[in-house]
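Beneath this line is the structure, given in structure tokens, with notes to follow.
The sequence lines fix the lettering, A, B, ..., with proteins before strands; numbering per chain opens at 1.
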Protein chains: 2
Amino acid sequence: MKKITIGEASRESGVKVPTIRYYESIGLLPEPNRSEGNQRSYEPADLRRLTFIRHARELGFEVEAIRTLLTLQDDPNQSCASADAIAKARLIEVEQRIRSLMALKAELELMVEGCGHGRVDQCRVIEVLADHGQCGHAHH
Amino acid sequence: MKKITIGEASRESGVKVPTIRYYESIGLLPEPNRSEGNQRSYEPADLRRLTFIRHARELGFEVEAIRTLLTLQDDPNQSCASADAIAKARLIEVEQRIRSLMALKAELELMVEGCGHGRVDQCRVIEVLADHGQCGHAHH
DNA sequence: TCTTGCACCTCTAGTCACTAGAGGATGTAG
DNA sequence: CTACATCCTCTAGTGACTAGAGGTGCAAGA
């Protein structure tokens, strides 16, 4: 069997070397076998797990959510209701974020547009930020 | 002159009490006067500054960017080019974020849709996360 | 065989922007 | 006067890494 070093695992999975060690330390990735010289030696299953983790992180899932997804994956003989719920919650979050980013985009465009490249006291960037009433944000 | 307590300042500005103290500690908010009993006493200008900070934070500006914006605001007799540059940089970031969130949203919808509420081994949530090729993300 | 040099090891501490909690002082309403 | 909310300072914790120190392993070229 070929031995996969942590560096190769990093290149294959797209997860940085220290991050791989971090994932191991928090129990997201199992402790791999070690070489004679105490170096980590991974197997293809670890690469798949790392890729799964990276992908889920890119999608904005928190580590705890990923932990749940991984235990589901480890035991595929059960209902996927939890996985479904996690994904649905993320979807709602993402939709909310898109909405507020769109509002923000409009506001930033106003700012940049309004900046006459003069002095600050005529600058919309400052003005819009200072005056809360100028934008659509709720006073939470 | 009426004295504004930190609690009132919090309610008025929407910034939590410990966060106000934190902003003072990092020099984002000036140290206010104190009452006889050593309690902070704010003025209307502080409320405006806090609102400014909160608003900018909501818009995703980092504290360091806000520090720059605040020094600009404190001395309005100068060019607003820096403020303009900061806002422009944020705008580009925000547009990028919206794009990737839209992609993410599509992917999450696929997941949730595909989940037949059966067992995990037929669940798209797990599947899509596990198989990198299923989605549009570049292998960075 | 030796050595160069990169990749690996562990460990601690730092990042950002807060948040939580301990333990005590102050201020206000009844 | 007594509750009781609010305030004070201080330290430590959060999430998800990232950086650096100080040392070891290993493969390839001279």
Side-chain angles (χ1 to χ4, degrees), chain A residues 2-29 31-43 46 49-70 86 89-90 93 97 140, chain B residues 2-29 31-43 46-47 49-70 86 90 93 97 140:
Chain A
K2 60 190 170 191
K3 46 193 168 180
I4 303 172
T5 69
I6 197 169
E8 281 159 2
S10 171
R11 252 165 278 129
E12 289 296 309
S13 66
V15 179
K16 287 183 198 150
V17 169
T19 307
I20 294 176
R21 288 196 276 250
Y22 169 71
Y23 287 157
E24 181 185 326
S25 79
I26 62 168
L28 215 55
L29 197 67
E31 295 185 16
N33 294 325
R34 299 290 183 123
S35 74
E36 308 244 320
N38 196 35
Q39 302 201 344
R40 287 170 181 82
S41 173
Y42 292 98
E43 287 167 47
D46 298 314
R49 200 173 177 94
L50 273 174
T51 304
F52 182 101
I53 295 170
R54 178 177 64 85
H55 194 181
R57 286 292 299 136
E58 276 172 0
L59 292 182
F61 288 92
E62 289 174 5
V63 163
E64 282 317 300
I66 295 172
R67 204 188 291 280
T68 307
L69 290 169
L70 281 168
I86 292 172
R90 265 305 288 162
E93 258 176 64
R97 279 207 94 135
H140 135 201
Chain B
K2 61 195 168 187
K3 46 194 168 179
I4 303 171
T5 69
I6 197 169
E8 282 158 0
S10 171
R11 252 165 277 129
E12 289 295 310
S13 66
V15 178
K16 286 184 199 146
V17 169
T19 307
I20 294 176
R21 289 197 275 250
Y22 167 71
Y23 286 158
E24 182 184 326
S25 80
I26 60 167
L28 216 54
L29 197 67
E31 297 185 17
N33 294 326
R34 300 289 183 123
S35 75
E36 308 244 319
N38 197 34
Q39 302 201 343
R40 287 169 179 82
S41 173
Y42 292 98
E43 288 166 48
D46 298 315
L47 295 188
R49 198 172 179 98
L50 273 174
T51 304
F52 182 101
I53 295 170
R54 177 177 65 84
H55 196 183
R57 286 292 299 136
E58 276 171 1
L59 292 182
F61 288 92
E62 290 175 5
V63 163
E64 283 316 300
I66 296 173
R67 202 189 293 280
T68 306
L69 289 170
L70 281 169
I86 291 172
R90 273 301 295 162
E93 260 175 62
R97 277 199 96 145
H140 129 208

- Task: Using heavy atoms to find the nearest nucleotide of DNA chain D for B:Ser41 and A:Tyr22 separately, return the residue whose nucleotide is more 5′.
- Result: B:Ser41
- Message: I'd like to know whether CD of B:Glu62 has more than 12 heavy-atom contacts from other residues, nucleotides or ligands below 6.0 angstrom.
- Response: no
- Exercise: identify the closest heavy-atom pair between B:Asp46 and B:Leu29: O-CD1, 4.2 Å
- Hey, could you give me the CD/CD1 distance between B:Glu43 and B:Ile4, rounded to the nearest 0.5 Å? 7.5 Å
- Take the C1' atoms of the five end pairs on each side of the helix from C:dT1-D:dA30 to C:dG30-D:dC1, derive the two axes, and give their angle rounded to 10 degrees. 10°
- Which atom names give the shortest non-hydrogen contact between A:Phe61 and A:Leu69, and what distance separates them? CD2-CD1, 4.3 Å
- Starting from C1' on C:dC16, measure out to CZ on B:Phe61 and report it in whole angstrom. 18 Å
- Message: Expressed as a whole number of angstroms, how long is the span from B:Gln39:CD to C:dG27:P?
- Response: 5 Å
- Message: From CD of A:Glu31 over to P of C:dT10, roughly how many Å is that when rounded to an integer?
- Response: 10 Å
- Atom-to-atom span, CG of A:Asn38 to P of C:dC8 - whole angstrom: 13 Å
- Task: Could you check how far CZ of B:Arg54 sits from P of C:dC18, rounded to whole Å?
- Result: 12 Å
- Between A:Ser35 and B:Ile6, who's closer to the 5' end of DNA chain D by nearest nucleotide? B:Ile6
- Query: Taking only side-chain nitrogens and oxygens of B:Thr5, does any of them come within less than 4.0 Å of OP1 or OP2 of C:dG27?
  - Reply: no
- Query: What pair of heavy atoms forms the shortest contact from B:Arg49 to B:Leu28, and how long is it?
  - Reply: NE-O, 3.0 Å
- Closest approach of B:Leu47 and B:Ser13, non-hydrogen atoms and distance? O-CB, 4.4 Å
- Message: For C:dC18 and B:Tyr23 - does any side-chain N or O of the residue sit under 4.0 Å from the phosphate oxygens OP1/OP2?
- Response: yes
- Answer with base, sugar-phosphate or nothing: what part of the nucleic acid does A:Glu36 contact at a heavy-atom distance below 4.0 Å? nothing
- Query: Expressed in angstrom and rounded to an integer, what is the separation of A:Ile20 atom CD1 from C:dA7 atom C1'?
  - Reply: 13 Å
- Message: Looking at every non-hydrogen atom in both residues, tell me the closest pair between B:Tyr23 and B:Val15 and how far apart they are.
- Response: CE1-CG1, 3.9 Å
- Just call it for B:Arg21: base, sugar-phosphate, or nothing, with non-hydrogen atoms closer than 4.0 Å on any strand. base
- Note on the structure: Taking C:dT19, C:dA17, C:dC9 as options, the one with an atom nearest any side-chain atom of A:Arg34 is C:dC9
- Query: Can you check the A:Tyr42 OH to C:dA7 C1' distance for me, whole Å?
  - Reply: 14 Å
- Item | Gap separating the NZ atom of A:Lys3 from the OG atom of A:Ser35, nearest 0.5 angstrom | 7.0 Å
- Task: Could you check how far CD of B:Glu62 sits from P of C:dC18, rounded to whole Å?
- Result: 11 Å
- Note on the structure: The salt bridge (Lys or Arg N to Asp or Glu O under 4.0 Å) partners of A:Arg67 (sequence neighbours excluded) come to A:Glu64
- Can B:Glu24 and B:Arg40 be said to form a salt bridge (charged side-chain N to carboxylate O under 4.0 Å, His left out), step by step? CA-CA 11 Å; B:Glu24 182 184 326; B:Arg40 287 169 179 82; 2.8 Å; yes
- Item | First and last nucleotide of DNA chain D, 5' to 3', lying under 4.0 Å from heavy atoms of chain B | D:dC7 to D:dT9
